[in-house]
Novice: 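Quick one: the structure is below, questions incoming.
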Amino acid sequence: MNRMLKPQPGILGIEAYEAGESSIAGREAVLKLSSNENPYGPSQKAIDAYLAAASKLSRYPDSHHGSLRNAIAEVYGLLPDKLVCGAGSDEVIALLCQAYAGEGDEIIHTEHGFLMYPILAKAVGATPVQVRERNRRTDPESILEACGPDTRIVLIANPNNPTGTMISSDEARELADSLPEGVLLVLDGAYVEYADGYDGGASLVESCANVVMTRTFSKIYGLAALRIGYAYGPEDLIAAMDRIREPFNVGAPSLAAAEAAVRDTEHARRCRELNARWRRWLSERLEECGIPSDPSSANFILARFADPETVSRCDSFLRSRGILVRRMEKYNLPKCLRISIGDEAGCRSLASALNEFMAGDR
Ligand SMILES: *Cc1c(COP(=O)(O)O)cnc(C)c1O
């Protein structure tokens, strides 16, 4: 080890993020239900736009993402000047942490929150502070209690990953209003499109100076491979992020595909409907074979088992059937498996495997 070269404080304390597995040794076909990807894929219009962009690969992309920001603004009724795009919403959350927190500061996340949050906090030298949830649901009271003089940012996903639960628009507004001055509330809206009647916090951004909403093209738009997401927030915050982001942080094929995707509202609507239908079906099948879960507002279900040992055996059983789901030990949920909602065939395969496992386990 080179003693003269030391990473910045906090960096050696980071446990690297592990993505959901995508293969099983010795198996060609797997049913991947471990990363909340869209089983229907992106809009054909997004694929066409991506392919068309291949004829202009020698050109730098638009540094201001103007065309995409205008499309997002039109479709969702937002203001283009309050939008900034990034290489996935992970990048825009990282930019917020970089711009608004540093050494000695605290960033709050919840006990079953997204694993990237403590990583992003430590990456800027800040201290992640974990607060309790209430029955696997974000608890605004615990968040407010944890706020101190060093608190700079509160990071919550709503709906949350991996619980699938959410707080209401009213609860989010009350939380935003009750936070101490100078604390930024980031509402990570990666799964907003799957929730009924929730704007992800867009209207909250219009009325609060301390709220930013982030969204992604990785989930309902089916473009996880292209790395594109965005933040919607007050103009001064967006301007701060614009100063520190790389000018060409999003590639031109990604921008083109995302614009076509967001304009294809019919495809997004179909994906939302199919997800809702099969999410309901799957939760009922789980219930029938004795596996409880909380009502989910996202494109996955958090299945609860008797103990960690059963989880481990169930995971192995599913793997033997070529099915990959996500273990939850790192999310402080050792009795749970997170299962992405597949298409009809995927949900049926999963349900019949779980049914068989539970029948043999009795
Ligand atoms: C999947 C996910 C994201 C999206 O990340 P990208 O970088 O946009 O792919 C963000 N937040 C949460 C909670 C997620 O589950």
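Sequence positions, counted from 1, serve as the residue numbers for this chain. Bear in mind the structure is a predicted one, so any value in this text is a computation, not a measurement. One-based numbering, in listed order, for ligands and for the atoms of each.
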Novice: Looking only at protein heavy atoms, identify the closest one to atom 11 (N) of ligand 1 and say how far it is in Å.
Specialist: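 Checking every protein heavy atom, the shortest distance to atom 11 (N) of ligand 1 gives Asp188 OD2, 2.6 Å.
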Novice: For a quick check under 3.5 Å, do Asn160 and Thr165 share a side-chain donor-acceptor pair by atom type?
Specialist: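 Looking only at side-chain atoms, Thr165 and Asn160 do not form any donor-acceptor pair under 3.5 Å.
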Novice: For ligand 1, which atoms have a heavy atom of Asn161 less than 4.0 angstrom away?
Specialist: 13 (C), 14 (C), 15 (O)
Novice: Identify, by atom number and element, the atoms of ligand 1 in contact range of Ala190, meaning under 4.0 Å from any of its heavy atoms.
Specialist: 2 (C), 3 (C), 10 (C), 11 (N), 12 (C), 14 (C)
Novice: Which atoms of ligand 1 have any heavy atom of Gly88 under 4.0 Å away?
Specialist: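 Counting from 1, the qualifying ligand atoms are 6 (P), 7 (O), 8 (O).
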Novice: Using a 3.5 Å distance criterion without hydrogens, assess whether the side chain of Arg69 forms a donor-acceptor pair with backbone atoms of His64.
Specialist: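 Indeed, once roles are kept as given, a pair shorter than 3.5 Å links the two residues.
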Novice: Which ligand 1 atoms does Ser89 reach within 4.0 Å, using its non-hydrogen atoms?
Specialist: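 Result: 3 (C), 4 (C), 5 (O), 6 (P), 7 (O), 8 (O), 10 (C).
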Novice: Is the closest basic N to carboxylate O distance between Arg277 and Glu344 below 4.0 Å?
Specialist: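 Judged by the 4.0 Å cut-off on N to carboxylate O distance, Arg277 and Glu344 do not form a salt bridge.
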Novice: List the closest protein heavy-atom neighbour of atom 9 (O) of ligand 1: residue, atom name, distance to the nearest 0.1 Å.
Specialist: Ser218 OG, 2.6 Å
Novice: Determine whether a donor-acceptor pair (N or O, by modelled atom type, separation under 3.5 Å) exists between the side chain of Arg136 and the backbone of Asp294.
Specialist: no
Novice: Side chain to side chain contact (heavy atoms under 4.5 Å, CB included) with Ile301: which of Pro162, Cys336, Ser283?
Specialist: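 The side chain to side chain contact (heavy atoms under 4.5 Å, CB included) with Ile301 is passed solely by Ser283 among Pro162, Cys336, Ser283.
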Novice: Among all the protein's non-hydrogen atoms, which is closest to atom 3 (C) of ligand 1, and how far away is it?
Specialist: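 Ranked first by proximity to atom 3 (C) of ligand 1 is Lys219 NZ, 3.3 Å.
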Novice: Could you check atom 7 (O) of ligand 1 against the protein and tell me its nearest heavy-atom contact, residue, atom and distance included?
Specialist: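 Of the protein heavy atoms, Arg227 NH2, 2.6 Å lies nearest.
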Novice: Could you tell me whether Glu91 and Arg245 make a salt bridge, using a distance below 4.0 angstrom between a side-chain N and a carboxylate O?
Specialist: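 Looking at Glu91 and Arg245, the cut-off is not met.
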Novice: Mind checking whether Tyr191 contacts ligand 1 via backbone (N, CA, C, O), side chain (CB onward), both or neither, at a 4.0 Å heavy-atom cut-off?
Specialist: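 Only the side chain of Tyr191 comes within reach of ligand 1.
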Novice: Does Glu273 come within less than 4.0 Å of Arg270, counting only side-chain N to carboxylate O?
Specialist: no
